[in-house]
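Labels below follow one simple rule: chain letters A, B, ... track the order of the sequence lines, proteins then strands, and each chain is numbered from 1. Keep in mind that the numbers below use all heavy atoms, side chains included, and drop hydrogens, waters and symmetry copies.
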2 protein chains.
Amino acid sequence: MTTTLNETRLDALFGALADPTRRAIVARLAAGEATVLELAAPFDISLPAISRHLKVLERAGLISRGRDAQRRPCELRADTLDEVTRWAEHTREAWNARFDRLEAHLRKLKSDAAGHAPKTTKAMKEKKTHGRSKP
Amino acid sequence: MTTTLNETRLDALFGALADPTRRAIVARLAAGEATVLELAAPFDISLPAISRHLKVLERAGLISRGRDAQRRPCELRADTLDEVTRWAEHTREAWNARFDRLEAHLRKLKSDAAGHAPKTTKAMKEKKTHGRSKP
């Protein structure tokens, strides 16, 4: 099994979100763009550490940095976030489809049984009558 | 900022999904339960390596193992998968709300401008008339 470009993207995406500080940064940016200083404020960690987290988020395509050299505000890229939802929902749909197939199979079994039952009963009755009419 | 139990769960969840083999295992299990041997078949990696991946998925609550000592089939826990969707959608909603607020703000500005404009114009006209009537 080869790793496609899409898989590499998903590795980076899920990896970036596997950290509470980075998820908190993403949640903060969902409310609007912010500078590194603004993003660092609620955390008890150094600015270089925040910068490293931002680089991971940027590589994963979850944030982009503004061109304003002084502020370089960070912005959430919500379309990348949607890839997480799409992957999880796609897998959920496959899981649901399994139950749909099982349900359809059970319905078929039931309808087959209903379809055959009267015939079988009639045939059995005829057999019985026939059997009785014999000496 | 303290790391809550929920955050630790999300760390494990996103961390477990940050690997192509583990995502492939999850996708395979979405189609139905499977044994370790069945799960290992499409991969060019050793059984112990597959077992390690399964342990990561189990710790993240993404799969459960059957009690049948011989087979111990793996099953997907779709409810845990839904936590991924919930987190991403919750963040997406915050992002969308930002635009809704911006839209509401622009609407208010527009309606305020429309509400004041005639008054201002009328007052300006009166002022002008009054100004003209003066010597």
Side-chain angles (χ1 to χ4, degrees), chain A residues 1-33 40-45 56 60 62-63 75-99 101-102, chain B residues 1-33 40-45 56 60 62-63 75-99 101-102:
Chain A
M1 201 168 269
T2 53
T3 303
T4 65
L5 186 67
N6 189 38
E7 293 296 327
T8 309
R9 271 186 66 87
L10 285 172
D11 284 0
L13 188 46
F14 283 114
L17 295 174
D19 177 278
T21 304
R22 289 198 292 266
R23 284 195 305 278
I25 290 173
V26 166
R28 164 63 190 83
L29 292 176
E33 62 170 40
F43 301 104
D44 197 19
I45 52 178
V56 174
L62 275 164
I63 67 165
E75 197 174 4
L76 179 68
R77 283 181 54 188
D79 53 332
T80 305
L81 199 65
D82 292 342
E83 286 180 40
V84 173
T85 310
R86 262 197 299 278
W87 185 86
E89 284 197 333
H90 179 77
T91 313
R92 180 37 125 159
E93 276 162 25
W95 173 258
N96 290 351
R98 183 192 159 207
F99 287 106
R101 277 197 305 275
L102 191 65
Chain B
M1 200 168 270
T2 54
T3 303
T4 65
L5 187 66
N6 189 38
E7 293 296 326
T8 309
R9 270 185 66 86
L10 285 172
D11 285 359
L13 188 45
F14 283 114
L17 294 175
D19 177 277
T21 305
R22 289 197 291 268
R23 284 195 306 277
I25 290 172
V26 167
R28 165 61 190 84
L29 291 176
E33 63 169 42
F43 301 104
D44 197 19
I45 52 177
V56 174
L62 275 165
I63 68 165
E75 198 175 3
L76 178 68
R77 283 181 55 189
D79 52 332
T80 305
L81 199 64
D82 292 342
E83 286 179 41
V84 173
T85 311
R86 262 198 299 278
W87 184 85
E89 285 197 334
H90 179 76
T91 312
R92 182 35 127 157
E93 278 162 23
W95 174 257
N96 291 349
R98 184 194 160 206
F99 288 105
R101 276 197 306 275
L102 191 65

Could you report the tightest heavy-atom contact between B:Glu7 and A:Arg23, atom names first, then the distance? OE1-NH2, 2.7 Å

Residues in salt bridge (charged side-chain N to carboxylate O under 4.0 Å, His left out) contact with B:Arg92, at least two apart in sequence or another chain: A:Asp82

Taking A:Gly15, A:Ala16, A:Ala30 one by one, which has the highest count of heavy-atom pairs under 4.5 Å against chain B? A:Ala30

Could you check which of B:Ala31, B:Ala97, B:Ala12 has the highest count of heavy-atom pairs closer than 4.5 Å to chain A? B:Ala31

Proximal component of B:Leu29, with respect to chain A [non-hydrogen, under 4.5 Å]: backbone

Side chain, backbone, both or neither: which part of A:Leu13 has a non-hydrogen atom closer than 4.5 Å to chain B? neither

Contact class of A:Arg101 relative to chain B, heavy atoms under 4.5 angstrom: side chain

Check: B:Leu17 and A:Leu17 side chains under 4.5 Å, non-hydrogen atoms: no

Heavy-atom check, side chain of B:Asp11 versus side chain of A:Pro20, under 4.5 Å: yes

Return a table of donor-acceptor pairs under 3.5 angstrom between the side chains of residues 83-90 of chain B and protein atoms on other chains or two or more places apart.
residue : atom : partner : partner atom : Å
B:Glu83 : OE1  : B:Arg9  : NE           : 3.4
B:Glu83 : OE1  : B:Arg9  : NH2          : 3.3
B:Glu83 : OE2  : B:Arg9  : NH2          : 2.6

